Trainee: 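If you scroll down you'll find the structure; I have some questions about it.
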2 protein chains.
Amino acid sequence: MDKIQKYNTDVLTALLTKAGIRPSVQRMAILRLLAERLGHPTADEIYGALVDLYPTLSRTTVYNTLHLFSEKQIMRELETDGVKRYDLASLPPHAHFVCRCCGAVADIPLPAGLQAPGNVDFTVDSIELYYKGLCNKCKSSNSNL
Amino acid sequence: MDKIQKYNTDVLTALLTKAGIRPSVQRMAILRLLAERLGHPTADEIYGALVDLYPTLSRTTVYNTLHLFSEKQIMRELETDGVKRYDLASLPPHAHFVCRCCGAVADIPLPAGLQAPGNVDFTVDSIELYYKGLCNKCKSSNSNL
DNA sequence: ATCCATTTTTGAAATCATTACAAAATTAGG
DNA sequence: CCTAATTTTGTAATGATTTCAAAAATGGAT
């Protein structure tokens with residue numbers, strides 16, 4: 001959750017409308033959060049970031065919306081450390097580095113030529129590539145490990 | 001959880017001993033289950049498969065053992081669908097296909113040349129590659145999706 | 001504008017996986 | 001066979017997510 005980029009409301013509204021999703025206040029707020037504050041937030045982090053602005057916001061709405069967005073390919077679900085994290089699907093495909101110690105998640109370019117295997121037993125609709133290990137911060141601060 | 005291959009007790013004992021793990025009855029049972037009935041069981045599936053044979057077995061022991069084994073690189077943790085699954089680390093590295101509908105997990109050969117990215121900001125100790133989609137069984141039975 | 005049907009949001013309770021913890025059981029070595 | 005260290009166990013706690021039904025908001029027709 002670092003870089004910030006302003007998005008036009010119309011662009012975000014269109015993104016939802018095109019997917020057949022009504023752009024309610026809550027849905028727009030969640031979409032805007034993901035679009036502007038890039039990062040890989042959990043449902044609870046999203047709730048925490050928005051509840052001050054929308055005091056009646058419910059965690060259930062956040063979960064509902066995240067499910068809806070994932071289903072409609074607006075967001076992608078990540079499984080990095082036992083908790084689900086969310087990433088904008090309109091971002092170019094990329095891999096993720098996950099720090100085993102602090103849980104930090106970083107975007108990594110996908111290796112060239114990575115594609116779904118040609119297998120007749122199933123149809124692949126998404127590829128998730130995780131590199132797990134230690135980030136430099138944890139490596140230097142924790143002399144152990 | 002399908003293929004079955006008999007393992008010599010000595011081989012499994014040595015695997016634990018070499019890692020500095022005492023081969024208790026419970027640990028051996030869990031290791032043997034993973035080694036013989038290849039598959040990608042969850043902690044609960046392991047518990048369920050063993051509790052008949054070891055009626056005093058505790059879920060906590062299963063979790064403890066799985067953590068110990070993962071730490072000592074005897075097993076690898078998979079995150080396929082919100083629940084942790086386990087895979088023998090002594091198997092050759094491979095990717096996994098995950099069915100979004102029934103949760104089936106299948107081993108897939110790793111694409112050639114996949115390796116940790118050369119980034120100075122972190123040290124990678126494992127690579128996890130998931131292909132997610134629908135297996136043929138779900139594709140044909142569920143006409144929807 | 002007002003009504004009605006539909007959709008969306010909400011909050012509380014339930015569920016599921018996992019962890020924490022302290023007591024009981026087991027084991028290894030002297 | 002005693003004692004200390006390790007391992008296992010069961011229960012309770014936690015945390016993330018889901019379920020569910022009621023309340024609120026919305027859109028379209030009148």
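All of these numbers come straight from a predicted model, not from anything done at the bench. Chain letters run A, B, ... following the sequence lines, proteins first, then strands; residues in each count from 1.
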Trainee: Rounding to a whole Å, what distance do you find between B/Met28:CE and D/dT7:P?
Mentor: 15 Å
Trainee: Students often get this wrong, so: under 4.0 angstrom with heavy atoms, is A/Thr60 touching a base, only sugar-phosphate, or nothing?
Mentor: base
Trainee: Closest to the A/His67 side chain: D/dT9, D/dT18, C/dT8?
Mentor: D/dT18
Trainee: Side-chain contact, heavy-atom cut-off 4.5 Å: B/Arg27 with B/Ile21?
Mentor: yes
Trainee: Is A/Ser24 close enough to C/dT9 that one of its side-chain N or O atoms is under 4.0 Å from OP1 or OP2 there?
Mentor: yes
Trainee: If the threshold is 4.0 Å, N to carboxylate O, is there a salt bridge linking B/Glu128 and B/Arg76?
Mentor: no
Trainee: For a 4.5 angstrom cut-off between non-hydrogen side-chain atoms, does A/Leu88 reach A/Leu31?
Mentor: yes
Trainee: Between D/dA16 atom P and A/Arg85 atom CZ, what is the distance in whole Å?
Mentor: 10 Å
Trainee: Give one of base, sugar-phosphate or nothing for A/Thr56, where a contact means two heavy atoms less than 4.0 Å apart.
Mentor: sugar-phosphate
Trainee: Grab the CD1-P distance between A/Ile21 and C/dT8 for me, whole Å please.
Mentor: 9 Å
Trainee: Return the value, rounded to whole Å, for the distance between atom OH of A/Tyr47 and atom P of D/dT17.
Mentor: 15 Å
Trainee: Which of these nucleotides, C/dT10, D/dT9, D/dT7, is closest to any side-chain atom of A/Leu57?
Mentor: C/dT10
Trainee: Using only side-chain N and O atoms of A/Gln26, determine if any of them is under 4.0 Å from OP1 or OP2 of C/dT10.
Mentor: yes
Trainee: Report the distance from atom CD of A/Glu79 to atom C1' of D/dT17, rounded to the nearest whole Å.
Mentor: 13 Å
Trainee: Out of B/Leu68, B/Leu91, B/Leu66, which residue meets the side-chain contact (heavy atoms from CB on, under 4.5 Å) rule with B/Met75?
Mentor: B/Leu66
Trainee: Tell me: NZ of A/Lys84 to P of C/dA17, nearest whole Å?
Mentor: 12 Å
Trainee: Choose from C/dT9, D/dG10, C/dT18 the nucleotide whose nearest atom is closest to any side-chain atom of B/Ala43.
Mentor: C/dT18
Trainee: Want to settle it: does A/Pro55 or B/Thr42 sit nearer the 5' end of DNA chain C, counting the closest nucleotide to each?
Mentor: A/Pro55
Trainee: Starting at the 5' end of DNA chain C, which residue's closest nucleotide do you reach first, B/Tyr63 or B/Arg22?
Mentor: B/Tyr63
Trainee: Using the ring of each side chain (for Trp, its six-membered ring), is A/His94 parallel, tilted or perpendicular to A/His96, with breaks at 30° and 60°?
Mentor: perpendicular
Trainee: Taking any heavy-atom pair under 4.0 Å as a contact, classify B/Asn64: base, sugar-phosphate, or nothing.
Mentor: base
Trainee: Quick one: label B/Thr61 by what it contacts on the DNA or RNA (base, sugar-phosphate, nothing), any heavy atom closer than 4.0 Å.
Mentor: base
Trainee: Quick one: B/Arg59 CZ to C/dA20 P, roughly how many Å, whole number?
Mentor: 18 Å
Trainee: Round to a whole Å and report the spacing from CG of A/Leu66 to P of D/dA16.
Mentor: 14 Å
